[in-house]
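Computed from heavy atoms alone, side chains included, the values below leave out hydrogens, waters and symmetry copies. Naming: A, B, ... by sequence-line order, numbering from 1 per chain.
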Amino acid sequence: MELKMFILVLGLLVGSLMPLGGASGSPGSGTGQDECKKNNGDEKNGNKTTKKSFPVLSLNYENVRLPFEISLWVLLASLMKLGFHLMPRLSSIVPESCLLIVVGLLVGGLIKLVGKAPPVLESNIFFFYLLPPIILDAGYFLPIRQFTENLGTILMFAVVGTLWNAFFVGGLLYGVCQLEGTNLAGVNLLSCLLFGSVISAVDPVAVLAVFEEIHINELLHILVFGESLLNDAVTVVLYHLFEEFTNAGTITVTDGFLGIVCFLVVSLGGIVVGAIYGILAAFTSRFTSHTRVIEPLFIFVYSYMAYLSAEVFHLSGIMALIACGAVMRPYVEANISHKSHTTIKYFLKMWSSVSDTLIFIFLGVSTVAGPHEWNWIFVVATLVFCLVARVLGVIGLTFVINKFRIVKLTSKDQFIIAYGGLRGAIAFSLVYLLNPKHFPMRNMFLTAIITVIFFTVFVQGMTIRPLVDLLAVKKKQETKRSINEEIHTQFLDHLLTGIEDICGHYGHHHWKDKLNRFNKKYVKKCLIAGERSKEPQLIAFYHKMEMKQAIELVESGGGSKLPSAMPSTVSMQNIQPKKPPQDRALPQLSKAREEEIRKILRTNLQRTRQRLRSYNRHTLIADPFEDGLDEILIKRKKMKELEKKISQMNNYLTVPAPPADSPSVARARLASDPQAWGLKSVTEIPTIKVELVSPQNPESVKVVDEFSKKGSQPKGSEEEGGLTMRVPSSEKQRKDKTPDEEPQPRFMRCLSDPGPAAEDEDEDEPFLP
Amino acid sequence: MGSTNSTLLKIPNVEVLMQETGLKLVAEENCLNVSPAHIIRLHDRFKALDKEGRGHLCPHDFGAIKELAMNPIGDRIIGAFFSPGKETVDFHTFVKILAHFRPVDKDRPKEPNSPEPINSRSNKLKFAFQLYDQDKDGKISRDELLQVLRAMLGMQVTDEQLESIADRTIQEADLDRDDTISFEEFRKSLEKINIDHKMSIRFLR
């Protein structure tokens, strides 16, 4: 049903795209011209005061054309993404990228049918607007530890592997072009090499899109992904190198040497630029404690500036972006608020997701649009050579690399690495940028590249998932890191550093330790605000863990779940006080019971003046499910405490370590310690108490005693139970309360309530929000 | 080749040493190029540390290593070299302890009768465990854990925080609820970490 509606909406959307495309094509929209003419006519007939009527409704599409079309495309992309997830069966077989390309093909085909020229993926749009969000998302959330551990391997694959691929493919293609029978003699060596260098680069967008869905183990993921990021430098250098040489005509040894120097400049320069911007961003975030709202903006703008600055000098923008994200992350996260962190995370994910979708759709559209020159031999040769080069390259490099690795790469790993070398839109855009004057065979290149991209994305993308299952490749472990692991890992780090010192060997650990020391001594002081700079990593980790658990606690025990979490009478007896909070395997309460409970609680909250009578009617004293309710009430008390803590924590991502602050540590201890969940000693009468939290409603509860008590102990309410209802010992209805009588039922607000106001008490507020 | 052989001869019991620690097993291959290089390197290091030329090391020789002094668990590491009661470390023991950190030989044929190699995962973990367990009762008590935490975290943290962290740690790892961490529990809590990688120094292959 939803699917049908969705397809209908989609059809309407696409339908609207075409006439608009048509309208934009025709020179000067009709209505615009008419308006113009009318005005001119009016001015000419200046004296003729034929007042034209005021246009109540007019159409002016030209003004909004560009933003309108952009928004329409983005909307289309997002709806597509939505649609695929409505069809789970399809999305489990075919990776999203394939489906998106198919959609792009369809849309392009439709546009062509109408007779208009479909938009092509312009290189500027791609490189300046579509690519950066994806790369920033990848760079900001890069797992640094694994990346640095495998850096040698990744660099080998990225640099040497790409070079090998480029020359192998380029050289062999040139050989093929020289063969008799093909009419490809016009393709010279440099063009072939350029083509080879462009097509040999593994594409991060495609890799991300496919690997994200198959959840392989982190080692393989970081190897392939890291390679796709770092080979950008190689690609940029080779591309510019061969482009320049094609103009120049001859190559000399000096040029080759300069090429190597250029490579170093491009990659290291990109990293330096990125690191500078990263440090600037970290430094800025130190002062944002009063303007929390624009914190995410700084992150995004600084990163984008890093990318653009690198592009100005023809340095590797991708590496700049990665360096910026990776450098600023630890410091920024210590400085910004939890909400900003969430904002950054979700904005990055959102943008990268939309970009990625748009890229694939446009690839499809460009395929339909672009001028094609199909040459069987060239295309097939390209495809074959690419695959062969990749396999040979991986095998050869692994052989060399395994001599230096402690954890060797098995042949299964090698297969996945080779198979995961997907090509994507970057290659397409680079070829699109070529000047047709210097490269007359540009169209043929485009066709070949599109074919290779289609092949890798469709065939390899679709089959990699069953292959991963077939080969039983280790998958990603989803479990969280425990504090044990954290402590022991740090301990082992220190141990290994010590052993290395004893051996006199300046190895991996030695330098890492030195870097950490430098970081702690100088850098953190500059870039992190206030006392957070001295917080050791272990403490930060511990607090993060506590916070996570606190939030889970609040979420799992949340008010609306209260009735369904209430166990039936029979199993009540079996519930242990030490049950961990996430355990929700409590049987459901029957609906009638649930309703009854709800009614009870609601009436007691709302009708404060008549509360006693309701208590009389529902004598809850002997009710067997009270034990459970008390349980849950204690939970709520805990949540209340934690809520206080969380509101304190809202200023920081992790809780700062207050030097001598017992209550918060005590709460932390309580939160972590299931022992504290033991049943509080409830009063003798198994009763249900409802307590009032605020002393500000004198008219609703006429109990003076409570208020004086409340006034003297402002924190008293926290200490009491969460939601408790008490049956007064006397069962008579009372109208006048005196301080000396039994303690009156007080009302405590639900966890998520902002706080009582005088009028709220009498509203028909449901108890459970 | 000649010089290496003669250097080797100076080291007492060198064959027994190589056998025990596995530092370059002398096999049928052409080992002369590679084999005792590591032992020679370690021997040179040993001699460099042993400034007074006595042939064995004592604690303050280790203390002279600057970086080790800055290491939070430096004194524990030094203590691990000295078996209880002994005040000196000879070359044999020195190499044996360091052999724990050799990368694991995955291709080793598993002979059922030979003892487990000194650099197996289990032995590596035992070594680390001993560093925690100073009183050698086979369990890491809460106090011992607190000491380690205090050493690693310095003075920046209050006692209460340390205690809550220690409590949490024991709670997570302690399966038989005796409030201490035994070796098995220690091993289990680290099963996800790649100890072979983490506790290996390439230098000692």
Scored by heavy-atom pairs under 4.5 Å with chain A, the best of B:L153, B:L68, B:I165 is B:I165

If you tally heavy-atom pairs under 4.5 Å against chain A, which of B:I73, B:V148, B:L149 wins? B:I73

With distance as the sole test, does A:D513 use its side chain to make a donor-acceptor pair with the main-chain N or O of A:T497 at under 3.5 Å? no

Show the numbers, then the answer: is there a side chain to side chain donor-acceptor pair (under 3.5 Å) between B:D90 and B:T93? CA-CA 6 Å; B:D90 60 353; B:T93 326; 2.4 Å; yes

Residue pairs, two or more places apart or on separate chains, that pass ring-ring contact (aromatic ring centres under 6.0 Å, His included) and touch residues 142-171 of chain B: none

Mind checking what makes side-chain contact (heavy atoms from CB on, under 4.5 Å) contact with B:L146, not counting sequence neighbours? B:R142, B:D143, B:L162, B:E163, B:A166

Which atoms of A:I502 come close to chain B, meaning under 4.5 Å heavy atom to heavy atom: side chain ones, backbone ones, both, or neither? both

Identify which part of A:E149 has an atom lying under 4.5 Å from any heavy atom of chain B, answering side chain, backbone, both or neither. side chain

Output all residues satisfying side-chain hydrogen bond (donor to acceptor under 3.5 Å, both in side chains) with A:E218, sequence neighbours left out; order by chain, then residue number. A:Q146

Taking NZ, NE, NH1 and NH2 as the nitrogens, is one of them in B:D159 or B:R150 under 4.0 Å from a carboxylate oxygen of the other? yes

Parallel, tilted or perpendicular: which fits the ring planes of A:Y522 and A:F518, with parallel below 30° and perpendicular above 60°? tilted

Can you check whether anything in residues 128-141 of chain B gets within less than 4.5 Å of chain A, heavy-atom wise, and list it by number? B:A128, B:L131, B:Y132

